[in-house]
Amino acid sequence: MGRKGFVIAIDGPSGVGKTTVARLLSRRLNFRYVDTGAMYRAIAVAASEAGVDIDSDEELKSFCEGEEIYISKNNEIFLNGMEFTRKIRKPHVGPLASRVSRKKPVREFLVQIQRKLGEDGNVVMEGRDIGTVVFPDADVKIFLDAASTVRAGRRRRELEKTADMGAEMLEEVAREMAKRDRRDSTRAYSPLRKAEDAVYVDTGELPVDDVVDRLLEIVKQRRTGVK
Ligand code: DC
């Protein structure tokens, strides 16, 4: 793969705190942070705006061929020069991205871009298949997980903060999230799963700063070769 820098792969289901943890970790290490979910979200929004049948492999394939995707160091995301950063955070986009992400042409298109981003140097990359497919040879692999009740509570608070919507019922959020996780974990291509050599961390039991400290410790050990 001809990689220059250190790659940290962080995977896990939705609402597990991946984004917060990955971002904080990247700041502490002065690494680039890449949110791969944002890429699936942007393709989902742009394809549906363009009237593409998002259940059709052929339509998605030719759509992706016409797209140039750019993700800045701050994870602002652009398709063919148009910015999607805010739009992709709307509540309906999560399930839409999950549907689009089952499709092989979309995964192939985004995985090669993600690999290029990793080749450049020190990076914390977050998603569902980073340790299993995008960088099976990542230097550090982390799988974050938490009980579904904890994740649903987190996701609701997140939506209240970032989305233009009122308070949503916890049960509704929990239902949607469970459905999405089921789809992400059971799809044929690159399902969400822990890589055999990933370190499993339960974020439901630890404050965010402790999770980050734990990951920093793991990174430090790998970098110095200490077990
Ligand atoms: O992490 P997120 O909620 O922004 O991700 C949105 C969807 O994108 C998620 O339901 C599954 C998909 N996804 C994926 O299949 N592979 C990734 N590496 C990242 C996200």
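Counting starts at 1 for both ligands and their atoms, in listed order.
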message: Within ligand 1, which atoms have a heavy atom of Ser101 less than 4.0 Å away?
response: 11 (C), 12 (C), 15 (O)
- prompt: Looking only at heavy atoms, what is the nearest atom pair of Ala195 and Gly131, with distance?
  reply: CB-O, 3.9 Å
message: Applying a heavy-atom cut-off of 4.0 Å, say which part of Met125 lies close to ligand 1: side chain, backbone, both or neither.
response: neither
- request: Quick one: look up the protein heavy atom nearest atom 1 (O) of ligand 1 and list residue, atom name and how far away it is.
  value: Arg128 NH1, 2.8 Å
- line: Heavy-atom proximity to atom 19 (C) of ligand 1, picking from Thr36, Asp35, Ile88, Leu110, points to Thr36
Heavy-atom side-chain contact between Tyr33 and Thr19 under 4.5 Å: yes
- request: Only one of Val124, Ile142, Leu29 passes side-chain contact (heavy atoms from CB on, under 4.5 Å) with Leu215; say which it is.
  value: Ile142
message: Geometry only, no angles: is Asp129 polar-contacting ligand 1 at N/O separations under 3.5 Å?
response: yes
message: To check you understand the geometry: which heavy-atom pair defines the closest contact between Met39 and Val34, and what is its length?
response: CE-CG1, 4.2 Å
statement: Tested for salt bridge (charged side-chain N to carboxylate O under 4.0 Å, His left out) against Asp35, the lone hit among Arg128, Lys18, Lys73, Arg89 is Arg89
task: Work out whether the distance between some heavy atom of Arg183 and some atom of ligand 1 is less than 4.0 Å.
output: no
message: So which atom in Arg41 and which in Ile88 form the shortest heavy-atom distance, rounded to 0.1 Å?
response: NH1-O, 3.0 Å
statement: Nearest non-hydrogen protein atom to atom 11 (C) of ligand 1, with distance, is Asp184 OD2, 3.4 Å
- prompt: So is there a nitrogen or oxygen of Arg107 less than 3.5 Å from a nitrogen or oxygen in ligand 1?
  reply: yes
field: Proximity to ligand 1 by part of Ser98, non-hydrogen separation under 4.0 Å
entry: both
- line: atom 8 (O) of ligand 1 sits nearest the protein heavy atom Tyr40 CB, 3.6 Å
- line: Paired with Arg32, the side-chain contact (heavy atoms from CB on, under 4.5 Å) test is passed by just one of Asn75, Asn122, Val123, namely Val123
message: Hydrogens and angles aside, do Thr203 and Arg154 bring a side-chain donor and acceptor to less than 3.5 Å of each other?
response: yes
- prompt: Just going by heavy-atom distances, which of Arg89, Arg41, Arg180, Met177 is nearest to atom 7 (C) of ligand 1?
  reply: Arg180
